[in-house]
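Working notes, beginning with the structure itself.
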Amino acid sequence: MNSKPKILLIYTGGTIGMLKDFETGALKAFNFNKLLHNIPELKLLDCEIDTFSFEKPIDSSNMNPKHWAEMARAIEINYSNFDGFVVLHGSDTMSYSASALSFMLENLSKPVIFTGSQLPIGDLRTDAKENLITAIQIASLQENDQPLIQEVCLYFEYKLYRGNRTTKINAEHFRAFISPNYPFLVESGVHLKINSQLFLPAKGSDTLKVHTRLDNNVTIIKMFPGISEAVLSAILNIENLKGIVLETYGAGNAPTEEWFLTLLQKAIFRGLLIVNVTQCSIGSVSMGHYETSTTMKKLGIISGKDITTEAAITKLMYLLGQNIAQEDFKSVFETSLRGEMQ
């Protein structure tokens with residue numbers, strides 16, 4: 001008889017890890033060593049659960065590449081001892097973290113599922129229990145003694161998404177996340193609806209490679225009508241800046257004014273990497289489709305295609321950390337590495 005799948009629950013911080021003191025109304029950190037005592041429903045799952053907590057819980061607003069490296073190392077250290085990982089994380093930056101980890105964990109052959117909640121785990125109307133229980137259940141799914149899911153995902157409000165395809169859209173509703181350009185992988189209802197044809201292909205016997213070197217000399221610029229030459233010039237000339245995610249209009253369109261294009265041209269000549277992504281929640285960049293993006297294409301600006309801003313900025317950090325040759329960078333970025341773009 002095969003043993004039960006072993007799942008490691010990694011608590012980084014966030015609302016899901018809080019309990020309310022019903023006498024004072026104050027929130028306090030949840031003791032994950034007493035997880036089964038506080039959530040006895042987990043005993044009904046057909047898997048073994050162990051826990052690991054960051055020494056100091058992190059509000060997700062304080063998330064940064066050092067914390068991503070800590071998550072990646074925790075997975076690397078425990079990789080051979082567990083069949084899947086569930087990362088509990090604050091919702092505000094969860095899409096950034098899920099995107100970053102997808103790039104950092106090369107040849108991943110086990111599930112790494114991010115989840116969290118809008119309300120604390122001890123709240124009467126909490127969404128935390130459902131998110132936690134189902135995330136663990138999905139992480140423990142196997143087929144032919146192998147994990148069914150072999151990628152970084154995000155589970156929230158009955159849907160499992162590819163992590164680097166998600167973005168947070170709502171701060172008040174339980175349905176906080178969407179995957180604007182890629183369908184959900186699993187839907188939780190009376191039964192689990194599994195769209196296995198959408199999963200990343202199995203990695204076979206390839207060994208997990210963990211990359212913790214990220215270069216955060218990057219920034220995001222959101223285009224808006226009236227952006228001034230002085231402001232854009234100041235950003236493009238920031239010392240040590242290496243990469244920019246430029247959020248443009250529609251299908252990748254931007255002003256055709258001479259000063260704007262000249263600034264971009266000079267920046268690219270200096271070696272600055274500029275990725276063009278759309279501000280629209282749904283859709284893709286198609287440079288050259290309209291006249292307003294034709295010149296940008298000629299300048300050598302990188303097309304982000306249908307990537308999210310969260311995945312674009314973390315992919316930029318990851319690739320800059322790989323010291324890819326300048327002449328190859330555009331081609332590598334425009335190639336889907338972890339299913340983050342089409």
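Here, residue 1 is the first one in the sequence, and each next residue gets the next number.
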* **Centroid separation Phe103 to His211 less than 6.0 Å** => no
* Any side-chain donor-acceptor pair under 3.5 Å between Tyr155 and Gln137? -> no
* To do: Output, in order, the C-alpha distance, side-chain angles, deciding distance and verdict of side-chain hydrogen bond (donor to acceptor under 3.5 Å, both in side chains) for Glu229 and Ser233.
  => CA-CA 6 Å; Glu229 181 177 358; Ser233 177; over 6 Å; no
* For the student: nearest non-hydrogen atoms of Asn164 and Ser99, plus distance -> CA-OG, 3.3 Å
* Asked: Looking at residues at least two apart in the chain, or sitting in another chain, which of them share a ring-ring contact (aromatic ring centres under 6.0 Å, His included) with Tyr11?
  -> Phe32
* Structure fact -> Between the CG atom in Leu141 and the CD1 atom in Ile194, the distance rounded to the nearest 0.5 Å is 5.0 Å
* Spatial distance of atom OG1 (Thr15) from atom CD (Gln118) [nearest 0.5 Å] -> 7.5 Å
* Quick one: do Lys242 and Asp215 make a salt bridge, cutoff under 4.0 Å? -> yes
* Got a second to check how far Ile169's CD1 is from Ser179's OG, nearest 0.5 Å? -> 11.0 Å
* **side-chain contact (heavy atoms from CB on, under 4.5 Å) assessment of Gln279 paired with Lys222** => CA-CA 8 Å; Gln279 295 181 15; Lys222 187 183 184 80; 3.8 Å; yes
* **Close side-chain approach of Trp259 to Leu232, heavy-atom, < 4.5 Å** => yes
* **Carboxylate-amine/guanidinium contact Glu151 Arg338, below 4.0 Å** => no
* Structure fact -> side chain to side chain donor-acceptor pair (under 3.5 Å) filter on Lys168, not counting sequence neighbours, yields Ser91, Asp92
* Would Asn276 and Ser303 count as having a side-chain donor-acceptor pair, cut-off 3.5 Å? -> no
* Under 4.5 Å between any side-chain heavy atoms of Leu185 and Leu198, yes or no? -> yes
* Lys/Arg N to Asp/Glu carboxylate O, Lys330 vs Glu334, below 4.0 Å -> yes
* Structure fact -> Tested for side chain to side chain donor-acceptor pair (under 3.5 Å) against Arg165, the lone hit among Asp306, Asn181, Thr308 is Asp306
* Phe54 and Phe52 aromatic ring geometry - parallel, tilted or perpendicular at 30°/60° bounds -> perpendicular
* Compute the centroid of each ring, for Phe177 and then for Phe156, and state whether the two points are separated by less than 6.0 Å. => yes
